[in-house]
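Here's the structure we're looking at; comments come further down.
Just so it is clear, the values below take in all heavy atoms, side chains as well, and ignore hydrogens, waters and symmetry mates. Nothing here was measured: the structure is a model prediction, and the numbers come from that model.
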Amino acid sequence: APDYNASAVHADRWISVRPGTDAALALAMAQVVISEDLHDAAFVREQTDLPLLARRDTGRFLRESDVKRGGKDDVFYVFDKRAKRLAKAPRRTLRLGKLVPALEGEYEVQTTKGVVRVTPVFQMLKDRLEVEYTPEKASEVCGVHPADIRELAREIARARAVSGVAGASISKYYHGDLMMRAQILLFALCGQM
């Protein structure tokens with residue numbers, strides 16, 4: 001709740017957020033987690049779609065149909081850091097085995113229509129957060145001081161377990177689902193699932 005109420009007195013920390021600006025706060029915390037290298041890279045590689053490669057020209061996932069005539073539209077790729085080459089993302093399991101998907105960088109891929117540049121979605125997220133969701137910029141939206149945003153992000157990243165609750169109230173906001181997604185992104189980056 002944005003107001004200091006009877007429940008707030010039981011919290012370890014209460015931060016007043018302008019109503020409806022939870023996404024800006026969560027995305028700014030995600031920016032801190034990524035820029036300070038506090039994210040759980042192993043969890044992100046295995047449990048999220050952030051290592052999947054996206055085309056720079058279209059913004060769409062790189063698909064087998066892009067690189068192979070008659071290829072499938074639901075087969076995606078990562079860049080394997082260990083083998084230093086393109087690799088199909090696992091489909092039957094989340095286990096990566098010896099595959100080490102890159103989270104950052106940009107690569108050239110030969111497609112059926114020529115060479116395109118691709119990058120992991122994580123890199124695209126990082127780039128966008130650096131431009132649009134620094135704590136200073138988010139502070140203007142959500143009303144939380146940048147230092148508080150940074151400290152809260154660090155606390156969440158260091159936590160052994162986090163309990164995030166998105167109650168029915170956030171769902172009543174226009175785009176409340178996006179506020180919840182921003183919170184889930186933060187927890188996923190920290191391996192807090």
Side-chain angles (χ1 to χ4, degrees), residues 1-55 58-61 73-74 76 89 94 103 119-193:
D3 58 327
Y4 193 76
N5 59 36
S7 298
V9 297
H10 300 289
D12 292 329
R13 186 175 199 164
W14 176 79
I15 296 176
S16 179
V17 181
R18 280 190 193 115
T21 65
D22 304 68
L25 175 61
L27 291 172
M29 288 191 288
Q31 187 275 334
V32 171
V33 166
I34 292 173
S35 70
E36 294 185 7
D37 200 26
L38 302 173
H39 61 282
D40 183 337
F43 184 89
V44 170
R45 281 187 179 99
E46 184 182 83
Q47 298 291 320
T48 75
D49 62 358
L50 295 174
L52 295 180
L53 294 174
R55 296 173 58 134
T58 63
R60 292 175 42 103
F61 287 133
D73 281 337
D74 63 348
F76 305 109
L94 293 176
L103 294 177
T119 188
V121 173
F122 181 90
Q123 181 71 59
M124 294 174 79
L125 172 68
K126 178 180 178 180
D127 294 346
R128 186 156 185 192
L129 293 176
E130 285 293 329
V131 171
E132 297 180 29
Y133 290 99
T134 62
E136 288 72 23
K137 287 187 178 181
S139 178
E140 295 172 14
V141 175
C142 68
V144 178
H145 193 278
D148 290 332
I149 294 172
R150 284 187 176 85
E151 184 53 34
L152 186 56
R154 293 172 186 141
E155 286 178 22
I156 290 173
R158 286 191 306 260
R160 297 175 90 194
V162 172
S163 175
V165 178
S169 295
I170 201 168
S171 300
K172 294 177 184 177
Y173 280 98
Y174 186 64
H175 292 307
D177 60 322
L178 298 178
M179 289 186 243
M180 284 189 250
R181 286 176 144 198
Q183 292 170 2
I184 292 166
L185 171 65
L186 174 63
F187 296 145
L189 288 170
C190 298
Q192 302 286 2
M193 294 290 188

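- Atom CZ of R181 has 12 or fewer heavy atoms from other residues, nucleotides or ligands within 6.0 Å.
- Atom CG of L129 is separated from atom CG of L189 by 8.0 Å, given to the nearest 0.5 angstrom.
- Across all their heavy atoms, I149 and S139 have their closest contact at CD1-N, 4.2 Å.
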Begin from the C-alpha positions of F76 and D49 and carry the test side-chain contact (heavy atoms from CB on, under 4.5 Å) through to its verdict. CA-CA 10 Å; F76 305 109; D49 62 358; over 6 Å; no

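- By the 30° and 60° cut-offs, the orientation of the rings of F122 relative to H39 is tilted.
- More than 12 heavy atoms of other residues, nucleotides or ligands shown are found within 6.0 angstrom of CZ on R18.
- Between the side chain of K137 and the main chain of A24, no donor-acceptor pair closer than 3.5 Å is present.
- Heavy atoms only, all atoms of each residue included: P120 and L53 are closest at N-CD2, 3.6 Å.
- What you find for L94 and E46 is that their closest heavy atoms are O-CG, 3.1 Å.
- Using a 4.5 Å cut-off on side-chain heavy atoms (C-beta onward), V144 and L152 make no contact.
- One distance of note links CD of E151 with CZ of R13; it measures 5.5 Å at 0.5 Å rounding.
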Would L125 and L185 count as a side-chain contact (heavy atoms from CB on, under 4.5 Å) here? Give the steps. CA-CA 11 Å; L125 172 68; L185 171 65; 4.0 Å; yes

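- A salt bridge links E136 with R150; the closest basic N to acidic carboxylate O contact falls under 4.0 Å.
- Partner of Q183 under the side chain to side chain contact (heavy atoms under 4.5 Å, CB included) criterion, out of L178, D22, L27: D22 alone.
- Residues M179 and A23 share a closest heavy-atom pair of CG-N, 3.8 Å.
- No more than 12 heavy atoms of other residues, nucleotides or ligands shown are found within 6.0 angstrom of CZ on R60.
- Side-chain contact check for K126 versus L103: every heavy-atom pair is 4.5 Å or farther apart.
- Of all the heavy atoms in A138 and A28, the pair that sits closest is CB-CB, 3.4 Å.
- The two atoms that bring W14 and Y4 nearest to each other are CZ2-N, 3.3 Å, heavy atoms only.
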Output, in order, the C-alpha distance, side-chain angles, deciding distance and verdict of side-chain contact (heavy atoms from CB on, under 4.5 Å) for L25 and T21. CA-CA 7 Å; L25 175 61; T21 65; 5.9 Å; no

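- Proximity of a side-chain donor or acceptor of E36 to a complementary backbone N or O of R154 within less than 3.5 Å is not detected.
- Atoms OG1 and CZ, from T48 and F43 in turn, are 8.0 Å apart once rounded to the nearest 0.5 Å.
- Looking at heavy atoms from C-beta onward, P51 lies out of side-chain contact with V121 at the 4.5 angstrom threshold.
- Atom CG in L38 sits 12.0 Å away from atom CD in E155 (nearest 0.5 Å).
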